[in-house]
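Here's the structure we're looking at; comments come further down.
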Protein chains: 2
Amino acid sequence: MTHSTRLTELEIASRHYMASYVLFNQAVADHVGMHPTDVQCLNLITAEPEPVTTGAIAEMTGLTSGSATRLVDRLVKAGYVERVRDTDDRRKVLVRVVPEALAGYGAMWARLGAGWRELLEENTPEEKQVLLRHMRRTVELSRRQIEQLREA
Amino acid sequence: MTHSTRLTELEIASRHYMASYVLFNQAVADHVGMHPTDVQCLNLITAEPEPVTTGAIAEMTGLTSGSATRLVDRLVKAGYVERVRDTDDRRKVLVRVVPEALAGYGAMWARLGAGWRELLEENTPEEKQVLLRHMRRTVELSRRQIEQLREA
DNA sequence: TAGATTATCTGCATGACGCAGTCATCCTAT
DNA sequence: ATAGGATGACTGCGTCATGCAGATAATCTA
């Protein structure tokens, strides 16, 4: 990934791949009239089995706690989530997705997701394993490198 | 990718995968004191064999032409690129990467890129083909869906 | 050669974000 | 039991990236 040396096909593809996600995320956000960060956040918390705290959202999105609060404000205002105080630790605020509110959002994903799912289904189970492994490894590597960057 | 149905492992991994890229990009940006968009842009234009126009940058990043101008302003100010008027069409501005300016930037990537490259090298040639194909397909699908979203 | 089109650049307004401080709640050590 | 500290979430304020609309210069076309 130095710039003096030639980049491999795969490295170049990676860049465009990542860039395309940013564009896609932006397009989705524009379409539903939200900020890309908000879409990103919704995607992350709907992937979680349980409601998450504001702090967890801050960590997942890389925002400060203050900005995460504002992010949740926007999602609440838009009706996508609601705040629920944690009964165990009353300092915490659980952000719960409102399933009904995701109807329109879900309808969009039903259209888009179909194409996406097809794309995945074009792969054999073995190939899917390769992709899954690569994604997980990447997430892990990314996490380590972020730590490294913050230290230095 | 609807939210009423269960998400597959691969779909969940995809989301975290994409999210991790955003975080990583942000961390890199913080590290070099730039905006994420600027890093994104540098990654894209250094992946191109030839200097690109401001308009091309606008398209690649999804920004308006005005914002792209400002983006280039920042990169110029930071010394990463320089503006060169296109001699064929003097309306156009070619944005050329300044190789020397990427020394520090490149040094960082040399460290980070090593881990990244290793990750890719952990795959057999066949597996790399699977990844490459998937990335290209995704970019293509993404492009089509963005178009679809803009129409609707 | 005039008018339309294209590529880039600017003035202005909006809004997301970080920072630093505040408040409420929980934990811990004496 | 209680004081001091830690933790989680929230606010005031300033900064800055971005979109929008219009300006300017260069090119194309009838």
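This is a predicted model, so every value here is computed, not measured. Numbered from 1 within each chain, the chains take letters A, B, ... in sequence-line order.
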In whole Å, I'd like the distance from the CG atom of L63(B) to the P atom of dC20(D).
11 Å
Any N or O donor-acceptor pair under 3.5 Å from the base of dG8(D) to the side chain of R83(A)?
no
Go through the steps for E9(B) and R136(A) under the test salt bridge (charged side-chain N to carboxylate O under 4.0 Å, His left out), then give the verdict.
CA-CA 11 Å; E9(B) 263 189 326; R136(A) 287 180 172 163; 3.2 Å; yes
Nearest-Å distance, CE (M60(B)) to C1' (dA7(C))?
15 Å
If you pin R70(A) and T87(A) to their nearest nucleotides in DNA chain C, which one's is more 5'?
R70(A)
Residue-phosphate contact under 4.0 Å: T37(B) side-chain N/O, dT18(D) OP1/OP2
yes
Have a look at L71(B) and say if it touches a base, only the backbone sugar-phosphate, or nothing, with a 4.0 Å heavy-atom cut-off.
nothing
Hey, does G55(B) reach any base, or is it just sugar-phosphate, or nothing, if we go heavy atoms under 4.0 Å?
sugar-phosphate
What's the CD-C1' distance between Q26(A) and dA16(C), to the nearest Å?
13 Å
Under the criterion salt bridge (charged side-chain N to carboxylate O under 4.0 Å, His left out), I'd like the reasoning laid out for E140(A) against R143(A): C-alpha separation, chi angles, the key distance, then a yes or no.
CA-CA 5 Å; E140(A) 191 44 42; R143(A) 207 188 50 67; 2.7 Å; yes
Protein-nucleotide distance (D30(A), atom CG; dC20(D), atom P), rounded to Å:
9 Å
Any side-chain heavy atom of L42(A) sitting closer than 4.5 Å to one from V81(A)?
yes
Would a hydrophobic clustering, with Ile, Leu, Val, Met, Phe, Trp and Tyr connected at side-chain separations under 4.5 Å, put V84(A) with V98(A)?
no
If I take atom CZ in residue R90(A) and atom C1' in nucleotide dG8(D), what distance separates them, rounded to the nearest angstrom?
13 Å
Going by distance alone, is a donor N or O of one side chain under 3.5 Å from an acceptor N or O of the other, for T46(A) and R15(B)?
yes
Computed from five pairs at either end and rounded to 10 degrees, the angle between the axes of the helix from dT1(C)-dA30(D) to dT30(C)-dA1(D) is 20°
Atom pair distance, as rounded to whole Å: CG in D86(B) and P in dC9(C):
13 Å
Closest nucleotide among dG18(C), dT8(C), dA17(D) to the S65(B) side chain:
dT8(C)
Establish whether the base of dT8(C) is bridged to the side chain of R91(B) by a donor-acceptor pair shorter than 3.5 Å.
no
Write down the distance between CG (D73(B)) and P (dT10(C)), rounded to a whole number of angstrom.
7 Å
If Ile, Leu, Val, Met, Phe, Trp and Tyr residues are connected whenever their side-chain heavy atoms lie under 4.5 Å apart, and connections chain through other members, are V97(B) and M34(B) in the same group?
yes
Return the nearest nucleotide to the side chain of D89(A); candidates are dT27(D), dT25(C), dA9(D).
dT25(C)
How would you label the contact of D88(B) with the nucleic acid (heavy atoms, under 4.0 Å): base, sugar-phosphate, or nothing?
sugar-phosphate
Distance-only donor-acceptor test, T54(A) side-chain atoms vs dC10(D) base atoms, 3.5 Å
no
Does E122(A) CD have over 12 foreign heavy atoms under 6.0 Å away?
yes
Between Q26(A) and L23(A), is the side chain to side chain contact (heavy atoms under 4.5 Å, CB included) condition met? List the steps.
CA-CA 5 Å; Q26(A) 178 75 56; L23(A) 292 177; 5.6 Å; no
Whole angstrom value for the distance that separates P of dA17(D) from CG of D38(B)
7 Å
Options dA9(D), dG18(C), dT8(C), nucleotide nearest the side-chain atoms of S67(A)
dG18(C)
K92(A) side-chain proximity, nearest of dC17(C), dT8(C), dA9(D)
dA9(D)
Counting the atoms with a prime plus P, OP1 and OP2 as sugar-phosphate, which does R74(B) contact under 4.0 Å by heavy atoms, base, sugar-phosphate, or nothing?
sugar-phosphate
